2 protein chains.
Amino acid sequence: MAAAATNPPTSPKPAMRDSLIAAAFQLFLERGYEQTTVDDIVTLAGVGRRSFFRYFPSKEDVVFPDHDQCLDDMTRFLAASADSDDPMVRVCGAARLVMRMYAENPTFSVQRYRLTREVAGLRAYELSVVWRYEKTLGDYLRTRWADRRDGTLRANVAAAAVVAAHNHALRHWLRSGGEGEPFEEVDRALEFVRATWSPDAPGAAAGDTAAEEDGDVVVVITKRSTPMWRVVREVESSLGEG
Amino acid sequence: MAAAATNPPTSPKPAMRDSLIAAAFQLFLERGYEQTTVDDIVTLAGVGRRSFFRYFPSKEDVVFPDHDQCLDDMTRFLAASADSDDPMVRVCGAARLVMRMYAENPTFSVQRYRLTREVAGLRAYELSVVWRYEKTLGDYLRTRWADRRDGTLRANVAAAAVVAAHNHALRHWLRSGGEGEPFEEVDRALEFVRATWSPDAPGAAAGDTAAEEDGDVVVVITKRSTPMWRVVREVESSLGEG
DNA sequence: CTTCGTGCGGCACTCGGTGCCGGTTCATTC
DNA sequence: GAATGAACCGGCACCGAGTGCCGCACGAAG
């Protein structure tokens, strides 16, 4: 019910890991996080206590099982960046990866959201998770703006702004119970910060976007007012990139 | 050596609390944070183990003894805001309170900075501290921009930007070992984000600022290019506002 | 002198987390 | 087919953070 998004090549046998996650969330939703001990989880999962800490370095980690993978995806996505594209557009696309991960399992994401809202310890742990994303985005912007005046300051502030905008939209979607279009709000929010931090202001087009491949040429048909970076992403995905 | 800034009215007898902080930092600097147990601290301080947790809810809290007070100061500072002043200017002034707290004890701040850089657990705890500041700033901006389009989004993003800019300058100062003028960098960074987020762009004056009181009239003499909010702060302090 | 509130110390206990060891399984190798 | 070795797993024993509870000492008020 609450399995993480793990692809076969990375982990061939995550059976025990998944069963631990399932058992943990079942108990967390029943009695609450703090009222559930690790012994309760391993007993329900039918495994040894020692095995829990083999798969999760701490009790909090079982609540955020998919963020490590997502952070890797983001790192690779940024590493695959070209010098030609707008750094802010790239960073917004990276933030979109996180939203996509949440949107893949709406019920799981909403359950976790309600847990983290109630338990202070989980909220604190979530901050460290978010911080890793922000650091990754900031490192990327820092290298891209290395020659720029106040490059590191701009990078840190812009990364924080992107993360804040993403989380704003994410929480909006989570509060709605995972109904509604996940990317609608996050696109608006990301475009908002992109427009204020991107040096050039492209008056782009959009709304719904459609792309047709033809060799190396990509034809994009879209409505005016679509976020520019969303158009860029459409072109990139059409060219077969991540 | 490492006492927190506690004023007499709030805590008349923080003798044991201060001795615990001193003992803790002495041991932290000698053997490191994780190599020091709470028993070691209370033994050195000559008090009972139970008393430690009376003054500090967790072992991490002894590293950040002054942030509770600073958060209160910030909350009051924002609550004393008038509808007439620019919200972003006010928020930058609030962030400056944090920098001021760090600058009051440079050696202590630098020691703590080196500790938090090495110990992952302290870094995670620091995030929750920073998050409280960001939430406080965000709440203030949210109410000030309640009628504005995308007010909450703007508030969240702007608060994150202010915090990021402040932390950027703060770390810069801490890395320098607490030498140099503390407010020089933070003023530049805060003015940077204020200029991008404040609706109106005041071409203010400054550099060094001097104010003379004369009844209710405040005469400010300053150089061009001084951050506007710094001028505002000067006027406020001249009018006798915390 | 008594009494009551407060602050402190000293248990005893729970629970998260780690190191270590022994057993099982499975694939490799002769 | 049997021996070998690497992984994986379970079961301790142990450490340290954090909590609840009780008893004691001290000082102020009656």
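Because the structure is predicted, anything quoted here is derived from the model rather than measured. Basis for what follows: all heavy atoms, side chains included, without hydrogens, waters or symmetry-related copies.
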* Asked: Quick check: does any side chain N or O of A/Lys59 sit under 3.5 Å from a backbone N or O of A/Thr36, one acting as donor and the other as acceptor?
  -> yes
[X] [atom1] - [N] [atom2] separation (whole Å):
| X | N | atom1 | atom2 | value |
| --- | --- | --- | --- | --- |
| B/Arg17 | C/dG7 | CZ | P | 15 Å |
| B/Ile41 | D/dG18 | CD1 | P | 10 Å |
| A/Arg54 | C/dG17 | CZ | P | 16 Å |
| A/Glu34 | D/dA17 | CD | C1' | 15 Å |
| A/Leu122 | C/dG16 | CG | C1' | 14 Å |
| A/Phe56 | C/dC15 | CZ | P | 21 Å |

* Asked: Do B/Arg175's NZ or CZ and the ring of B/Tyr113 fall within the cation-pi criteria of under 6.0 Å and 45°?
  -> no
[X] side chain, from C-beta outward: closest of [options]:
| X | options | result |
| --- | --- | --- |
| B/Val38 | D/dC9, D/dA17, C/dG9 | D/dA17 |
| A/Val47 | C/dG17, D/dG10, D/dA17 | D/dG10 |
| A/Glu60 | D/dG18, C/dG17, D/dG16 | C/dG17 |
| A/Lys59 | C/dC15, C/dG17, D/dG10 | C/dG17 |

* Asked: Between the two ends of the helix from C/dC1-D/dG30 to C/dC30-D/dG1, what is the bend in degrees, rounded to 10 degrees, where each end axis spans five pairs?
  -> 10°
* With ring centroids as reference points, do B/His67 and B/Tyr102 lie under 6.0 angstrom apart? -> yes
* Asked: Does B/Tyr133 have its ring centroid less than 6.0 Å away from the ring centroid of B/His166?
  ->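 Between B/His166 and B/Tyr133, which both carry aromatic rings, the centre distance is not below 6.0 Å.
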* Could you tell me whether the phosphate oxygens of D/dC8, OP1 or OP2, come under 4.0 Å of any side-chain nitrogen or oxygen in A/Tyr55? => no
* To do: Determine: side-chain N/O of A/Ser51 to OP1/OP2 of D/dG10, distance under 4.0 Å, yes or no.
  =>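 The answer is yes; a side-chain N or O of A/Ser51 sits under 4.0 Å from OP1 or OP2.
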* So, A/Arg49 and A/Asp40, do they make that salt bridge, N to O below 4.0 Å? -> no
* Test: A/Asp139 and A/Arg144 ion pair at under 4.0 Å -> no
* Can you find an N or O donor on one side and an acceptor on the other, under 3.5 Å apart, linking the side chain of B/Arg49 with the base of D/dG18? ->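 Counting by modelled atom types and ignoring angles, a donor-acceptor contact under 3.5 Å is found here.
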* To do: Classify the side chain of B/Arg50 versus the base of D/dG20 as yes if they form a donor-acceptor pair under 3.5 Å and no if they do not.
  => yes
* Hey, could you give me the CG/CZ distance between A/Leu127 and B/Arg123, rounded to the nearest 0.5 Å? =>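 Answer rounded to 0.5 Å: 14.0 Å.
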* Asked: Between A/Phe53 and B/Gly48, who's closer to the 5' end of DNA chain C by nearest nucleotide?
  -> B/Gly48
